[in-house]
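Notes to accompany the following structure.
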Amino acid sequence: MENYTQWLQKIENYIVENMKSEMAQIQQNAVQNHTATMLEIGTSLLSQTAEQTRKLTDVETQVLNQTSRLEIQLLENSLSTYKLEKQLLQQTNEILKIHEKNSLLEHKILEMEGKHKEELDTLKEERENLQVLVTRQTYIIQELEKQLNRATTNNSVLQKQQLELMDTVHNLVNLCTKEVLLKGGKKEEEKPFRDCADVYQAGFNKSGIYTIYINNMPEPKKVFCNMDLNGGGWTVIQHREDGSLDFQRGWKEYKMGFGNPSGEYWLGNEFIFAITSQRQYTLRIELMDWEGNRAYSQYDRFHIGNEKQNYRLYLKGHTGTAGKQSSLILHGADFSTKDADNDNCMCKCALMLTGGWWFDACGPSNLNGMFYTAGQNHGKLNGIKWHYFKGPSYSLRSTTMMIRPLDF
């Protein structure tokens with residue numbers, strides 16, 4: 001501000017000196033010239049002086065405005081600088097605190113690394129000891145497996161011998177019965193076992209394979225009799241347990257049956273029809289999931305039609321723990337296989353869901369579907385299904401279908 005003021009003062013002094021000089025000149029000329037000329041010159045000089053003064057005033061105003069703006073900006077810059085210095089100081093304090101925390105953490109990390117190193121060394125030692133133990137246990141397990149295989153083989157041989165012995169005993173009983181009847185002068189014909197209920201009532205109360213003589217069938221049939229469950233006397237017509245048997249078969253095989261009664265098998269629709277034509281039967285279905293949970297469905301009346309009727313299913317009276325609602329079609333359904341489509345769906349259920357079954361319109365059950373192992377049994381629409389027990393896409397671990405006379 002002082003520089004601008006001095007500059008303005010110099011300009012005024014300069015103007016005043018010029019004016020004085022010009023006035024002196026005018027006075028000298030005034031003596032020589034006419035009074036009118038002097039007045040015109042004076043008027044002109046006054047006008048120029050007024051114009052110069054106005055311009056100087058404008059310049060002074062602009063300088064003052066510019067100076068005010070510079071002072072305001074300087075003040076704002078000073079405030080910004082102060083804020084930045086304050087923030088910098090805060091950040092510096094925060095950094096110092098972080099450094100202190102970091103030092104503490106580094107110290108703790110070093111301590112933890114030392115402890116973890118000791119623990120790691122201990123764990124490594126334990127792992128080595130466990131590996132040695134596992135190696136020993138593996139060897140022991142292998143030896144036990146060998147012994148188990150030998151025992152299983154021996155057991156299979158013994159079971160076979162037992163079955164042969166039971167057949168021999170049965171034949172001897174029949175021969176003895178015939179001899180007694182002949183000696184007594186009676187001509188009554190022998191009444192062979194029609195089903196497992198007859199076997200049980202004859203005094204054979206151990207579960208196993210027996211021979212039965214079904215009405216209207218030319219040859220006897222070996223079946224598995226369950227003599228333990230719910231009073232015994234059950235004739236098993238279907239069993240799944242390990243996936244060792246292929247159930248994806250055609251009409252003829254489902255008609256005559258397949259598999260081994262000692263393991264997985266299907267008795268055969270023709271034999272089921274013949275048995276259930278002898279008298280009134282109850283059907284019981286035993287189910288087990290992969291978590292070990294068991295359930296059952298039981299039907300008071302069960303029989304199927306003949307081959308011309310597509311072995312149509314007839315059921316009545318459902319109870320059990322495998323769902324409040326029956327997963328078998330109570331109103332009846334024809335039997336279908338991959339080469340004999342007798343269902344009520346355009347999609348051919350036996351091809352889509354696999355196996356042979358009373359599908360109706362692909363219905364809520366199929367115990368003859370694909371066998372899936374544990375962990376692979378979820379989300380399988382073509383598995384061993386019983387909808388009202390485990391849902392529409394859960395494949396079961398094992399199933400057993402068995403029948404017994406209603407009046408047992």
Side-chain angles (χ1 to χ4, degrees), residues 195-197 207 223-243 245 247 254 257 259 261 263-269 271-273 275-276 280-304 311-336 349 353-360 362-372 377 382-392 394-406 408:
D195 52 32
C196 292
S207 296
V223 297
F224 188 90
C225 296
N226 188 318
M227 303 303 191
D228 302 315
L229 182 68
N230 194 26
W234 294 100
T235 303
V236 176
I237 63 175
Q238 185 261 19
H239 183 61
R240 307 288 298 276
E241 63 180 8
D242 56 16
L245 184 64
F247 274 70
Y254 270 100
E264 295 194 332
Y265 86 116
W266 177 259
L267 179 62
N269 289 334
F271 295 98
I272 298 172
F273 162 69
I275 293 176
T276 57
Q280 293 182 343
Y281 280 85
T282 295
L283 170 67
R284 185 181 178 97
I285 298 175
E286 290 286 327
L287 308 167
M288 185 172 74
D289 63 18
W290 286 97
E291 289 72 41
N293 301 309
R294 295 179 181 272
Y296 76 93
S297 285
Q298 188 161 321
Y299 302 86
D300 296 337
R301 302 288 179 85
F302 163 77
H303 73 278
I304 65 172
Y311 300 115
R312 186 170 183 79
L313 176 67
Y314 297 93
L315 294 170
K316 185 177 180 181
H318 171 256
T319 57
T321 59
K324 295 181 180 179
Q325 188 172 343
S326 172
S327 292
L328 273 175
I329 305 300
L330 290 175
H331 60 72
D334 292 351
F335 198 86
S336 291
C349 303
L353 301 179
T354 70
W357 194 250
W358 297 280
F359 287 109
D360 190 42
C362 296
S365 66
N366 177 18
L367 299 187
N368 292 332
M370 293 288 292
F371 186 93
Y372 290 98
N377 63 307
N382 64 342
I384 303 173
K385 178 176 66 174
W386 197 260
H387 177 87
Y388 293 106
F389 174 41
K390 296 297 290 187
Y394 184 102
S395 185
L396 297 170
R397 178 177 182 177
S398 68
T399 68
T400 304
M401 298 176 66
M402 45 194 174
I403 58 176
R404 186 174 68 181
L406 181 63
F408 179 79

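All values below were derived from every heavy atom in this structure, side-chain atoms included, with hydrogens, water molecules and symmetry-related copies excluded.
- When all heavy atoms of Y299 and L330 are compared, the closest pair comes out as CE2-CD2, 3.8 Å.
- With a 4.5 Å cut-off on side-chain heavy atoms, F371 and N377 do not count as touching.
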Please report the C-alpha distance between W357 and S365 in whole Å, then the side-chain angles of each, then the deciding distance to 0.1 Å, and finally whether the side-chain hydrogen bond (donor to acceptor under 3.5 Å, both in side chains) criterion is met.
CA-CA 9 Å; W357 194 250; S365 66; 3.1 Å; yes
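- The distance from the CD atom of E241 to the CE atom of M288 is 9.5 Å, given to the nearest 0.5 Å.
- In terms of heavy-atom proximity, Y281 sits nearest to P405 at CD2-N, 3.5 Å.
- Judged purely by atom type and a 3.5 angstrom limit, E264 uses its side chain to pair as donor or acceptor with the backbone of L245.
- In this structure the side chain of L367 never reaches within 4.5 angstrom of the side chain of R240, judged on heavy atoms.
- Separation of atoms CG (N368) and CZ (F335) is listed at 6.0 Å; rounding is to 0.5 Å.
- Counting heavy atoms from C-beta outward, D228 and S207 have side chains that approach closer than 4.5 Å.
- D300 and T282 form no side-chain donor-acceptor contact under 3.5 Å, judged by distance and modelled atom types alone.
- In this view, F247 and F258 satisfy the ring-ring contact (aromatic ring centres under 6.0 Å, His included) rule, not counting sequence neighbours.
- Y296 carries R284 over the face of its six-membered ring, with the cationic atom under 6.0 Å from the centre and within 45° of the normal.
- One distance of note links SG of C225 with CZ of R404; it measures 12.5 Å at 0.5 Å rounding.
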Output a table of donor-acceptor pairs, distance under 3.5 Å, between side-chain atoms of residues 229-236 and any protein atom two or more places apart or on a different chain; print 'none' if there are none.
{"residue": "W234", "atom": "NE1", "partner": "L229", "partner atom": "O", "Å": "2.9"}
{"residue": "T235", "atom": "OG1", "partner": "C196", "partner atom": "N", "Å": "3.0"}

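- Looking at heavy atoms from C-beta onward, I403 lies in side-chain contact with I275 at the 4.5 angstrom threshold.
- Between G323 and H318, the shortest heavy-atom distance links the atoms O-CE1, 3.4 Å.
- For the residue pair G356 and N366, the shortest heavy atom distance occurs at O-OD1, 4.5 Å.
- Taking the six-membered ring where the residue is Trp, the centroids of H239 and Y265 are separated by 6.0 Å or more.
- Partners of D289 by salt bridge (charged side-chain N to carboxylate O under 4.0 Å, His left out), not counting sequence neighbours, listed by chain and number: K390.
- If you take CG on L313 and OG1 on T276, they are separated by 10.0 Å, rounding to the nearest 0.5 Å.
- Between M402 and E286, the shortest heavy-atom contact is CE-CG, 3.5 Å.
- The CG atom of L328 sits 7.0 Å away from the CG atom of L283 when rounded to the nearest 0.5 Å.
- A 4.5 Å side-chain heavy-atom check between L406 and R301 finds at least one atom pair inside the cut-off.
- To the nearest 0.5 Å, the span separating OG on S326 from CD on Q298 amounts to 12.5 Å.
- In this structure, D360 and H331 have side chains that are in contact, with non-hydrogen atoms separated by less than 4.5 Å.
- For I285 against W386, the heavy-atom pair with the smallest separation is CD1-CH2, 3.5 Å.
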Test side-chain contact (heavy atoms from CB on, under 4.5 Å) on F389 and H387 and set out the steps.
CA-CA 6 Å; F389 174 41; H387 177 87; over 6 Å; no
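- Aromatic rings from F273 and Y311 are positioned such that their centres are separated by 6.0 Å or more.
- No hydrogens or angles considered: a donor-acceptor pair under 3.5 Å links the side chains of Y372 and N382.
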Just do the side-chain hydrogen bond (donor to acceptor under 3.5 Å, both in side chains) check on T399 and Q238 with the steps written out, would you?
CA-CA 8 Å; T399 68; Q238 185 261 19; 3.2 Å; yes
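- Annotation: side chain of P364 is in contact with side chain of Y388 (closest heavy-atom distance under 4.5 Å).
- Inter-residue side-chain proximity for W358 and I304 is flagged as met; some heavy-atom pair is nearer than 4.5 Å.
- Proximity of the aromatic rings of Y254 and W266 is defined here by a centroid distance below 6.0 angstrom, and this criterion is met.
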